[in-house]
S.K.: 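This is the structure, below, for whatever I ask next.
Values in this document were obtained by computation on a predicted structure and should not be read as measured data. Each chain gets a letter, A, B and so on, in the order its sequence line appears, and its residues count up from 1.
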Amino acid sequence: MCENCNGQFGTDEQKEKLINYISKNKDVDGGIIAIMQEAQSIYGYLPREVQEIIADETNVPLSKIYGISTFYSQFYLEKKGDFHISICMGTACYVKGSGDIMNAFRSKLGLSGEETSKDGRFSIEATRCIGACGLAPVLTVNDNVHGRLTVEDVDKIIELYKSKEV
Amino acid sequence: MNNSFKYNLLVCGGTGCTSSDSEIIISTFKEECKENNIDKEVKVTRTGCFGLCELGPIVIVNPGGYFYCRLEVKDVPSIVKEHLIGGNPIKDLIYKETIQDDKIIAFDETPFYAKQNKIALRNCGVIDPGEIDEYIEHDGYKALDTVLNSMTPDETIAVVKDSGLRGRGGGGFPAGLKWEFTKNNESSQKYVLCNADEGDPGAFMDRSILEGDPHSIIEAMTIAGYAIGASKGFVYVRAEYPIAVTRLQSAIDVAVETGMLGNNILKSGFNFELEIRLGAGAFVCGEETALIHSIEGERGEPSYKPPYPAESGLWNKPTLINNVETYANIPVIFNKGAKWFASIGTEKSKGTKVFALGGKIKHTGLIEIPMGTTLREVIFEIGGGIPNGRKFKAAQTGGPSGGCLPESLLDIKIDFDSLTSVGSMMGSGGLIVMDDSNCMVDIAKFFLEFTVDESCGKCTPCRVGTMRLYEMLQNISSGKAVIEDLDKLEALCHVVKSSSLCGLGQTAPNPILSTLQYFRDEYVAHIVDKKCPAGVCADLLTYTVIEDKCIGCTLCAKNCPVDAIEGSVKKPHIIDVDKCIKCGICVDKCKFDAITR
C-alpha cells in the first residue's frame, strides 16, 4: 500500500519532518498523542504505514498506537477529501436543523455515511460542537466557517468548492 | 483606558465573531483611521467574547457604549467618517434594542446585559487578551501577589472554602474541599489540572474565557498550585479550539517572561510551570480520571473511584482538577473577599453561572447570571424569548447528561440542587431552548446517539445499555414500538444509571427520563397514534397537499428533489407518497401553508 510505489509511504520530506519531531518529543511524558497529532497534520491522516513509523521511532507498540488512534475521533485512518465538510451536530445546531443539512449534503454528493466522494473532492462528517452556537447551524469546510445555514445553502457551498484549487 | 485616546473601539475576537470576519474589520478600522489621520486618537482593541454571538461581528465604541452589530467590512469607512470624525453614531448600524424613543442607550443598559453579573466573564469583551498589562490594570495578578507574599496555603484554602464556590464543570463539588483533600495528601510531586475539554454540545463558556481572559486561568492555577503544594500544572484543551489554544499559549509565554509564572514568582520563592495538552476528540475525557489518562498518553477511559485524583491522579500523584470557569472565579474571590462572593447566589450555590444560550431563542450567546435567577428570566428577559412567533416547549440544560424542562418549571430558580431535583442538572452550562417544532422523542434520540458514539466501551452497562436505549427510541420514532416498551425503556434507564462506571453512563439516561416524565404524551402519540405531533420523525409523516389551499403555483414541484409532486399550473398538486423522501423542502417553500405532514 504505497502512494508512489517506491516502497515508502508519502514523501521523504514528510517522513523526515515526522522523525525530526519525534526525536525532539519522544521523551515527553504522555506525549504520544501530540506526536500522532503532528503526524496527522503532516500526512493528513494516519494510515497503518504512518502508525508504523511512529511505533518504530518511539518504541511504543503498534497495537497501542492503533488503540489510541481508534479511540479519539480526531484521528482519521482513511484519507479525507480535498474539501472536508464538518457539519456541527451540537445540540444548538441540531435543534436548528443541522440534521437536514447533513442529509442534503449526503444526497447531493451521493454519500451514505461519512465516506469520501468517488472523485476524492469531498468528504463529510458529523462533528462535535465547535462552539459557534451563535451561528447555528454551522459547518466548516477545511478551515472556513459557514454559519446560519439553510438547506438551500447546500448547493451553493458545493458549487463554491467544486472547482476550487485545494 | 489611556486618556490620550478620544475613542476606544472594542472589536470582538471570539470564535463566533472571527468566523464572520472580525479580523478583517479590525485591520480595516486601523487602515481607515490612519488614512484619516486619527490613528493616534483611536484605539482599536481586539477583545474576547461580548456574549451576543447571534449579532456578530460586534464592535463597541467607547465612550458611550455604542453597540454596532452584524457589521460588514464595507460599513467601516462610514463609521470612521460619521461617528469617529463627525461625532454622529450611525443609527442604522447600531443594535436596534439600544435605540429607545429615538435615543441611543449604552449596550449594557439593554435587558440582555442589565440582568447579568459578570464575575467569571469580567474581562471578556473588556480587555485585549494578548496584553498582560491590560489584565494587570484590571486587578490581574493582584490576588496572586497577595496569596504568595502574605498568606499561607491553609489560609488560601480557607478563603476558597468560605466563598462556597462549587465546581462549575457539572458535578458542583465544593472547590475548597477538593483543594484541601489534595493538599492533605503528602507527596513530593503534585499536579494542578485545568479541565478545558468542553464537550457538552452547545456550551462554549470555557472557550470564551480562554480566548478572552487567559491570564485569569494562569493566575488561578498558580494560586491553586501554591495552596496544594504543586509545582506543575496542565491545561487540557480541546484541539477543536485553535484560537483558545494560541491565546493561552502566548499568555503562558508572556507570564513566564514577566515573572508571573516559572521560577520565583513575584519574588516569593514559589515555582510553578504550566503546560498545554491537546485533547483529541473524546467526550468522555471531560470525566476527570479519563482526562488524566489522556494526558498520560493513553486511551481516555475512566477508572473506578476511589481513589480520587486528590489522592492518586496524574501519574499516581495527588492531583487537583477544576474546570476553566471554576478557576476564572478564583482571583476575584481573593480580590473582593470570600464574604462578598458568598453574598451572591442561593443558600447552597454561591456566585454566578455562565450559560451558553442556544437553539430557538432570540439572543443566542453567552450570559452570566447570579445563581437563583429563574429560567423564565433567562429565557424571556435576557434571552428575548422565542423567535418567529413560535411557542416555548422545553429548555435543555446539562447537555447529554441533563434533561428537558417543560413550561411548568420555568419559574424554577437555577442552581445546582434545584436543577438536579427536577431530573436535569447544571452541567457545564449549555442551555438550549426548544419550540413546538422540536420533537422530544427525537431530542432524546439525538442525545442517546451522542452517548452511544462517545461511550468509551469500558463498562457494559454504558456500552451496551445506551445502544439498547437508542434502539428502543428508534423503534418509537419509527412507529414500531408497543406501549409496554415505555416501561422497559424506563427500567433500562435505571439500570444504566445505577450500574455504569463513570458519570457519562450514569447520566446518559437523563434525557430520556426527563422527557418521559414531562412529555410522556408525545411518546404515547408516537406509539399509539403513530404520529409525531411536532412533525419531525420522518417515518411517521405523510406529506399531503390541502386541495383548498393549493393555488397551483408549482413552486413545490419545482423544488422537490425527487420529482414526487405532480400537477399543472393553477390546479391543486398531488404528492406521490411512494416517491416522497420526506425532506420537507415543499413545506418550507409553500407560501400558502397548503402542505401538511
S.K.: Taking the side chain as everything from C-beta on, heavy atoms only, tell me whether A:M89 gets closer than 4.5 Å to B:D453.
M.R.: no
S.K.: What part of B:R299 is in contact with chain A, defined as an atom under 4.5 angstrom from a non-hydrogen atom: side chain, backbone, both or neither?
M.R.: both
S.K.: Examine whether an atom of A:L135 lies under 4.5 Å from a heavy atom of chain B, and if so say whether it belongs to the side chain, the backbone or both; otherwise answer neither.
M.R.: side chain
S.K.: Chain A heavy atoms under 4.5 Å from B:I443: which part of the residue, side chain, backbone, both or neither?
M.R.: side chain
S.K.: Are the side chains of A:I33 and B:S294 in contact, using a 4.5 Å heavy-atom criterion?
M.R.: yes
S.K.: Name the region of B:F283, side chain, backbone, both or neither, that has any atom closer than 4.5 Å to a heavy atom of chain A.
M.R.: both
S.K.: Heavy atoms only: give me the nearest B:G202-A:C129 pair and the separation to one decimal.
M.R.: N-SG, 3.2 Å
S.K.: Can you tell me which portion of B:E54 sits under 4.5 Å from chain A's heavy atoms? Options are side chain, backbone, both or neither.
M.R.: both
S.K.: Measure A:K108 against the heavy atoms of chain B and call it side chain, backbone, both or neither at under 4.5 Å.
M.R.: neither
S.K.: Does any heavy atom of chain A fall under 4.5 Å from the side chain of B:K589, the backbone, both, or neither of them?
M.R.: side chain
S.K.: How close do B:A280 and A:Y72 get, counting heavy atoms only, and between which atoms?
M.R.: O-CB, 3.1 Å
S.K.: I want to check something: taking the side chain as every heavy atom from C-beta on, are A:F71 and B:E298 in contact at a cut-off of under 4.5 Å?
M.R.: no
S.K.: With a 4.5 angstrom heavy-atom cut-off, is it the side chain or the backbone of B:C456 that approaches chain A, or both, or neither?
M.R.: both
S.K.: With a 4.5 Å cut-off on heavy-atom pairs, point out which of A:K64, A:M36, A:H146 contacts chain B the most.
M.R.: A:K64
S.K.: So what's closer than 4.5 Å to chain A heavy atoms on B:E449: side chain, backbone, both or neither?
M.R.: neither
S.K.: Side chain, backbone, both or neither: which part of A:D29 has an atom under 4.5 Å from a heavy atom of chain B?
M.R.: both
S.K.: Contact part of B:I585 toward chain A, heavy-atom cut-off under 4.5 Å: side chain, backbone, both or neither?
M.R.: side chain
S.K.: Is B:L278 close to chain A through its backbone or its side chain, or both, or neither, when contacts mean heavy atoms under 4.5 Å?
M.R.: both
S.K.: What's the shortest heavy-atom distance between A:A92 and B:G359, and which atoms?
M.R.: CB-N, 4.0 Å
S.K.: Inspect the surroundings of CG in A:D143 and state if more than 12 heavy atoms from other residues, nucleotides or ligands are less than 6.0 Å away.
M.R.: no
S.K.: So which of B:E240, B:R207, B:M205 has the biggest tally of heavy-atom pairs under 4.5 Å with chain A?
M.R.: B:R207
S.K.: Between B:F447, B:F450, B:Y241, which residue shows the highest count of heavy-atom pairs closer than 4.5 Å to chain A?
M.R.: B:F447
S.K.: Please give me the minimum heavy-atom distance between A:Q37 and B:A239, naming the atom from each residue.
M.R.: NE2-CB, 4.4 Å
S.K.: List the atom of B:R238, the atom of A:R128, and the distance in Å for their closest heavy-atom pair.
M.R.: NE-NH2, 3.6 Å
S.K.: Are the side chains of A:V95 and B:I432 in contact, using a 4.5 Å heavy-atom criterion?
M.R.: yes
S.K.: Identify the heavy atoms of B:R277 and A:G31 that sit nearest to each other, and give their distance.
M.R.: NH1-N, 4.4 Å
S.K.: With a 4.5 angstrom heavy-atom cut-off, could you sort out which part of B:V284 is near chain A: side chain, backbone, both or neither?
M.R.: side chain
